[in-house]
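Below is one structure; the comments refer to it alone.
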Amino acid sequence: MNEDVENRLDAAIGLSHDPRMVTGGIEGAGDALTGGIVARQFEPRAGEAHEGGHGGDCLNCGAPLTGPYCNQCGQPAHVHRRLGAFWHDLVHGLLHLDGKIWRTLPLLAWRPGALTRRYIDGERARFVSPMALFLFSVFLMVSVFHWVGAPFHPQPGMIHNGRVLKGPALDAEVGRAERDVAVLEAGRARAVAAHADVRSIDAKLADARQDRDELRAGASIARRLGSGNVNIRTGMPMADRALDGVKRNPQLAFYQMQTNAYKFSWALIPISLPFIWLMFFWRRDLTMFDHAVFATYSLSAMTLLVVVLSLLAAIGAPGPLVRLSLFLVPPVHMYRQLRGAYRLSRWGGLWRTLLLLIFALASALLFFLLLLALGATG
């Protein structure tokens, strides 16, 4: 990014970081609108002509008008003084409802490779630019999280007898195992008093005690993970200081990471670029600009997918369906985008998709370490 773009990004993103705007529905709406304002700073205004009379002089700079916009300062030839038009301009400016968004989103969902390729090749006035779409999708995701929460909230747990046990279910299973042991111990005491054979009871009691001890240990670890009472060391002083801060005040640490996550979400783009370049380093027809467009549209699609799944979960969509979609949709989308954007064969798209999934995990880990570093220094 050049200095002017960086300054605009920092100034615009700063609008959304008042601590009073972290939670709540109204604050979520504010985040969404802020996202539209930020995105608008990066969106070219070509192809958005309003209907209106031409001719005469520009009311702003006085230059002769030859079309719907002044060719000197860019002001529309037609200016209005109606309240309804004022609100139309607000919605139009924030959400690009002139048609760009409706031309961009269907392609991003079903033909992401074609969208990426057409934008790279120069067809740009028709579509929302990658950076504008990415910034708005991030702010939209944050606002949706404020309103309805994330698609699912994993809890610490354990696998026992082929089942994943978490939270109350895990505690209930521990209670059941303890009752089984108590019943068997009482039965053994009665058998001993009656001078009966206790070998079969002893075998069952040994299994029950082992089962109980495993569940107790698993529940203890789950509680420690849930409370943050785990002594994890990375060997990196800055990261370890950040982890200590999480243990001391997990609520503050979570707030800082949440704030930094979407304030610095744009860092995912430069983090991803070297990995994408590695998949095509021998192709001289590709530039880092091509990879940046690919990465930004891909990140936008994944962010919007999380938004959709969050809304579906909020209205009662089955949890397994939401999780399955979160697991299956990204690789399919990556495959389609890779093939269309880089004009690959099926095999070329397939092996690069597998590699890109690994690179995506590596990028996410690096981004997490960046958030830890920011937490340690902030």
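To the nearest 0.5 Å, the span separating OH on Tyr297 from CD1 on Ile120 amounts to 9.5 Å. Glu173 CD to Arg176 CZ: the interatomic distance, rounded to the nearest 0.5 Å, is 4.0 Å. The CG atom of Asp180 sits 10.5 Å away from the CG atom of Leu205 when rounded to the nearest 0.5 Å. A distance of 5.5 Å separates OG of Ser325 from CG of Leu309, quoted to the nearest 0.5 Å.
Counting heavy atoms from C-beta on, the side chains of Leu107 and Phe127 come closer than 4.5 Å. Using a 4.5 Å heavy-atom cutoff, the side chains of Ser300 and Phe136 are not in contact. At a threshold of 4.5 Å between non-hydrogen side-chain atoms, the residues Ser363 and Leu366 do not count as touching. Lys204 places none of its side-chain heavy atoms less than 4.5 Å from the side chain of Val183. At least one side-chain heavy atom of Val306 sits less than 4.5 Å from a side-chain heavy atom of Ser310. Contact annotation: the side chain of Ile269 approaches that of Phe134 to within less than 4.5 Å [non-hydrogen atoms, C-beta and beyond].
Using cut-offs of 30° and 60° for the angle between ring planes, the His291 and Tyr342 rings count as tilted.
Here side-chain hydrogen bond (donor to acceptor under 3.5 Å, both in side chains) pairs that include residues 181-192, with residues two or more places apart or in two chains, are Glu185-Arg209, Arg188-Asp202.
Remark: Arg118 CZ is packed, more than 12 non-hydrogen atoms of other residues, nucleotides or ligands lying under 6.0 Å away.
Residues Met302 and Met279 fall into different hydrophobic clusters, defined by Ile, Leu, Val, Met, Phe, Trp and Tyr side chains chained together at heavy-atom separations under 4.5 Å. In this structure, Leu304 is a member of the same hydrophobic cluster as Leu311, with clusters built from ILVMFWY side-chain heavy atoms closer than 4.5 Å. Ile201 and Val181 are assigned to two separate hydrophobic clusters, defined by single-linkage of ILVMFWY side chains at heavy-atom distances under 4.5 Å. Residues Ile276 and Trp351 are members of one and the same hydrophobic cluster, defined by side-chain heavy-atom contacts under 4.5 angstrom among Ile, Leu, Val, Met, Phe, Trp and Tyr. Note: the hydrophobic cluster containing Trp347 also contains Leu355 (ILVMFWY, side chain heavy atoms under 4.5 Å, direct or indirect links).
Listed by chain and residue number, Phe359 satisfy the ring pair (Phe, Tyr, Trp, His ring centres under 6.0 Å) test with Phe275 (two or more places apart in sequence, or in another chain).
Residues Leu65 and Cys58 share a closest heavy-atom pair of CG-N, 3.7 Å. Counting all heavy atoms, side chain and backbone alike, Pro106 lies closest to Ile101 at CD-O, 4.2 Å. Nearest heavy-atom pair across Asp211 and Ala177 is OD2-CB, 4.1 Å. Among all heavy-atom pairs drawn from Ser272 and Leu268, the shortest one is OG-O, 2.6 Å. Shown here for Ser129 and Tyr119, the closest heavy-atom pair between the two residues is CB-OH, 3.4 Å. Among all heavy-atom pairs drawn from Asp285 and Arg283, the shortest one is OD2-NH2, 2.9 Å.
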Side-chain donor-acceptor distances from residues 326-341 under 3.5 Å, at least two apart:
from, atom 1, to, atom 2, distance (Å)
His333, NE2, Leu108, O, 2.7
Arg336, NE, Trp110, O, 3.0
Arg336, NH2, Trp110, O, 2.4
Gln337, NE2, Thr116, OG1, 3.0
Gln337, NE2, Phe294, O, 3.1
Arg339, NE, Leu344, O, 3.2

